[in-house]
Each structure stands twice: as C-alpha cells, then as structure tokens.
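The block underneath contains the structure these notes are about, expressed in structure tokens.
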There are 2 protein chains.
Amino acid sequence: MIKADERREEIAEYVIKLGQVRIDDLVEHFGVSRMTIHRHIDRLAQQGVLRKLHGAVTVQPSGLYESAFRYRVTVNRAEKDTLARAALDYVEAGQVVMLDDSSTANAVATLLLDVKPLTVITNSVATASLLTNVDDIDFICLGGKYHGTYNAYIGIVCENAVAQLRANVLICSASAITGTTAFIQDPNVVRVKQAMMAASVKRILLVDHAKFDRIALHVFDDLTSFDAVLTTEGLGDAQAQHLERAGVKLRIVKTTAQ
Amino acid sequence: MIKADERREEIAEYVIKLGQVRIDDLVEHFGVSRMTIHRHIDRLAQQGVLRKLHGAVTVQPSGLYESAFRYRVTVNRAEKDTLARAALDYVEAGQVVMLDDSSTANAVATLLLDVKPLTVITNSVATASLLTNVDDIDFICLGGKYHGTYNAYIGIVCENAVAQLRANVLICSASAITGTTAFIQDPNVVRVKQAMMAASVKRILLVDHAKFDRIALHVFDDLTSFDAVLTTEGLGDAQAQHLERAGVKLRIVKTTAQ
DNA sequence: CATATTGACGTTAAATTCACATCGCTATAT
DNA sequence: ATATAGCGATGTGAATTTAACGTCAATATG
C-alpha cells in the first residue's frame, strides 16, 4: 500500500522528467508488468498528474511540480470523487459547463475528459491545466487577478469575463452550510461565484456532509437557488427532511466502493 | 498515437530542412502511402508548422511554426534572450507590465522575476505558469478561449479583459515585418494585440532580424506606433537607416557573448 | 485533362481492458 | 504460536477497443 504509493511517485517523477514516455519504456524501466503500469498511471491520471495517451503518457501541461506533489495531499478524495461522479448526471455531451475553483469541481473536470465534445469554462488554474490541449474540449479560461490561496483567477476582471458568457450548467462548491444558506469565506470569491450563478441555466452545488452546520464569513446563496444540491452520506435524516421541506432539491449520494 | 507523433516530427524536420518538398518525395522517403503522408501533413498544417501546396509542402513562411508549441525551435534562443535582456531597460520596479503570447515575451518574463515589485498581465499560459506564486509579483491573467497553437488565451473574452486594464508598458512581438509594417498570422491574435496596444502607455516591439522582409496574413500595426523597436544584429545598414528616416525608433541590440 | 486531394471503408497491428489466479502481508481467532 | 481469512498489489492471457494505414472511388484543382 505504501509501496504502491512510492512506486506511483517514482513513475510520476520519471514521466515529469522526460515529459512524455512510452508505456513500454515504463514497463522496462520499472521491471513490472504492463498491466501494473496501466493501473498506476490510471490512478495518476485520475489525480490529474499525468495524462494518458494511446501507448504513452505525458505530464499535464502546466503546474507540473505542484500537481506532482499535490496528489499526496488528497483530502477527502473519496468523497469528492463520489460527488464528482454523481455530478456527471447533470452534464451532457455538447454542452457548456462552468466550473468554479473548488477542488470538488476539479475532480469533476477529470471525469469530464470522457464526456466529449464539451465546452468548459473555469477560473481554476488546476482545472485549466487539466483541460488544455484535450481533443474535443473547447476550453475558456476566466482571467483575473491570480490568487495563490485558491490557485485561481478572481476579481473584477474575472467577474466581467463571466458576465460575457452563458453556460448550460454550473458545478460549484461552498465553504459551509447553515440552515438553507451556503457560505464562502472570501468576499471576492463570492462575487465571482454569484456571477457564475447568474450566467448559468442550471446550477449544481457539491458539498460533502462535513460542510453542514458550519458558517463562513460571507453569504453565497440560498440552497433553493440550486437545481440540485449533492452531498455525501452522513447528513442526519431529520436535517435532510428539513431541507427538503424548505424546497431544497437535495440528493444524498452513496459512497460507491470502487 | 505516439508513433504517429514521432513520424510527424520526422516529417516536419525533413521539410523544414529542405524548405520545400514534394509529396511524392515524402511518400518515397518514408515508405508509406500517399494518403498517410497527407494525413500527417494535414495535421502539421493545422498546427501551423507546414503549409500545403498542390503536390508539395513548404514550411510556414511567416515563422508561425516557432510558436507551435511542440515545434518551438530553440535555435533562436540566444537572440530571444538578448532581446529580452535589452527590453528590461524599459521596465521599472513598481510598474504594470503587459506581455503578449510570444516566446520572446516569455523570455522577458523569466528576467522580470528579478525586477520586483511588479504587476504583470499576460494571455500566455507559459508566462502565466512562470509568474504564479512569485512573491512581490501581482499577476493578472487575461482569460479567453484557449488556443493550443499559441498556448494562449485569445478571442473576444480576452479582448474585453484587456480593455478593462491599463499598463505602463507593453512588451510584444510580431510574426513578420515588411517596410514599416508589422504582421501577425492569425486575425484573432491581431485583435488581442491591438487591444494591448490601446491599453498600454509605452509599447516595445521585440523582433529578431530574421523576421524582416517577410509577411504574414494580417497587418498588426505600423512600426512608428512603438516607443521602441528592438532587433538583433544582422539588419542591413541601409534598411536600418531607412526605418529611422521613416520615424521608427529602432534599436539594434548587440548579441552579448555570455 | 491530368493529377492531386479528399472521404469512406476495410484491414491489420497494437494497446487497453477485463476476468481471474497468485502472492505476500496483517489481523484475528483458535 | 499457529492457522487462516481478508485485503491489496501484481501477473497472465483472452477479449475488446483503438489507432494507423492502405485501397479505391469520388471530387477538386491547376
């Protein structure tokens, strides 16, 4: 288990060093079976470190080191993946999808690689580097002032850019939920997200259950504004019923053992 | 897929070396069918590396292939560095600097890391990843539709973003120069660059001498619109004098042996 | 008109996935 | 202490999918 993680890290470093490597080279270099290499790079690709081609793997275009070592940090990855997979139900090929700068939305982006063709819009740098140079995905980056804390572009430039666009569906997250209100910590981020809400026909909110009964500094929006609020198991039945009575389109996604 | 990539690279090198090659020669030289050669060069032409004639292929006449990211030749690296170093004379700490998506401007960005504090604006993905998370550099990314050929964001979203900003100095490049006119291959790129011109107080153009006496599809601007036009040694004296008489603020930068 | 180019289709070779077997380790019960 | 059940990582070979290329007919070009 630890050994596999280390092996993956070795593979990632090797690929990052060479930029692009053939699968057979990896097989030879690491002296394991082709199947094992596939399993490793599948996982690395899912984490957004590498990209799988046919017969070869490449590194993600930008943010190399960062993403190379980010895959260790993976907080709540299983829950994020679960939510992300469920979010795919709201996306169809050919649509315009807007993603915010949350790590949950980034998880959705990795899955969107299989829902082509698609136009994707985001202000997240991590998501941007996932989606550049993907065939059959038109990618539009929302510019703005770079903010390292969020690894995203925000500010008035970003808000104005959003206002010029329209998406079929917005997939986003929030910092905290209390009652039927979603909160965000940073006021500038709130403005960007609100602009995204206004620019999207359908709006999906992804929040793991741990975000409930907590507050953050700024009000983002009411849960009833969303066409679906997806959360993970662990929300009390009473609370779930209360939300549904208040008109929230709640959907509790069961964690799928995979 | 990887094999085809390598084959395409071979073809590109072969054509670049010979300048112009007949399709049948490629068929014979690589020992594959005519259809396959066509498919390869179609893709290379789409990437802007080659140009298709009837029965033959040539290299893209305007040096566009330099910016096709995979084929960005490192031959002119020294000249770009020379120009970039000279461009630093026009930047002071504390200013707002705008950079276009040229590889020359990207070279400037690497040097800007030592001129802090600074605010930098660009639409180049390569430059963006250079400047994120640098202390004392405020970075603003110009969003827009991602274009893999230039590895940059362009389009109307980008133009509008530029229009919201003002920079002390713009540092940019062009595809080709004829007389006192600077050209760019892609019309959408032209619009972004023109917006950048309008948004900057001072404008600096960096072009190596090989760009002179060549044309590209679209007019960018007149050389007299720039506050300085920097180029490398190799421009004829007569031509230099002619440009200066026409009012171009020309500066020929000597290559520093380093 | 001759030749170049494109498009549709089939073939082949290769890569990838899938189902299943094995191995090694750990935890737990006897 | 030993046995053994469980889990994860790995390997194997067949089945499936995908990419690359060639052929030929239809179309476009000079």
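Model, not experiment: these values are computed from the prediction. Letters A, B, ... are given to chains in the order of the sequence lines, protein chains preceding strands, and every chain is numbered from 1.
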How far apart are the closest heavy atoms of B:A109 and B:T127, and which atoms are they?
CB-CG2, 3.6 Å

Kindly point out which of D:dG11, C:dT5, D:dT18 is positioned nearest to the side chain of A:V32?
D:dG11

Ignoring the backbone of A:I23, work out which of C:dT5, C:dT17, C:dT16 is nearest its side chain.
C:dT16

Under the salt bridge (charged side-chain N to carboxylate O under 4.0 Å, His left out) criterion, do B:R8 and B:D5 qualify, and how do the steps go?
CA-CA 5 Å; B:R8 270 190 289 278; B:D5 262 356; 2.8 Å; yes

Less than 3.5 Å apart, any donor N or O on the side chain of A:T232 or A:H209 sitting next to an acceptor on the other?
yes

Side-chain-base donor-acceptor pair under 3.5 Å for B:R39 and C:dG7:
no

In whole angstroms, how far is the P atom of C:dA4 from the CG atom of B:D25?
12 Å

Counting side-chain heavy atoms from CB outward, which of C:dT17, D:dT18, C:dT5 is closest to A:H38?
C:dT17

Whole-Å distance between C:dA4 C1' and B:L26 CG?
14 Å

Compare side-chain N and O positions of B:T36 against OP1 and OP2 of D:dG22 and report whether any pair is under 4.0 Å apart.
yes

Does A:D227 pair with A:K202 as a salt bridge, N-O distance under 4.0 Å?
no

Could you check how far CG of A:L53 sits from P of C:dA14, rounded to whole Å?
19 Å

Closest to the side chain of A:H40, out of D:dG30, D:dT10, D:dT18, is D:dT10

In whole Å, what is the span from the CG atom of B:D24 to the C1' atom of C:dT5?
12 Å

So does B:E79 pair up with B:K211, basic N to acidic O under 4.0 Å?
no

Write down the distance between CZ (A:F30) and P (D:dA9), rounded to a whole number of angstrom.
17 Å

Quickly work out the B:M35 CE to C:dC9 C1' distance and round it to whole Å.
12 Å

What nucleotide among C:dT6, D:dT23, C:dT16 has an atom nearest to a side-chain atom of A:H54?
C:dT16

Separation of B:R43 atom CZ from C:dT6 atom P, in whole Å?
16 Å

Spacing between A:K52 atom NZ and D:dT18 atom P, to the nearest angstrom
12 Å

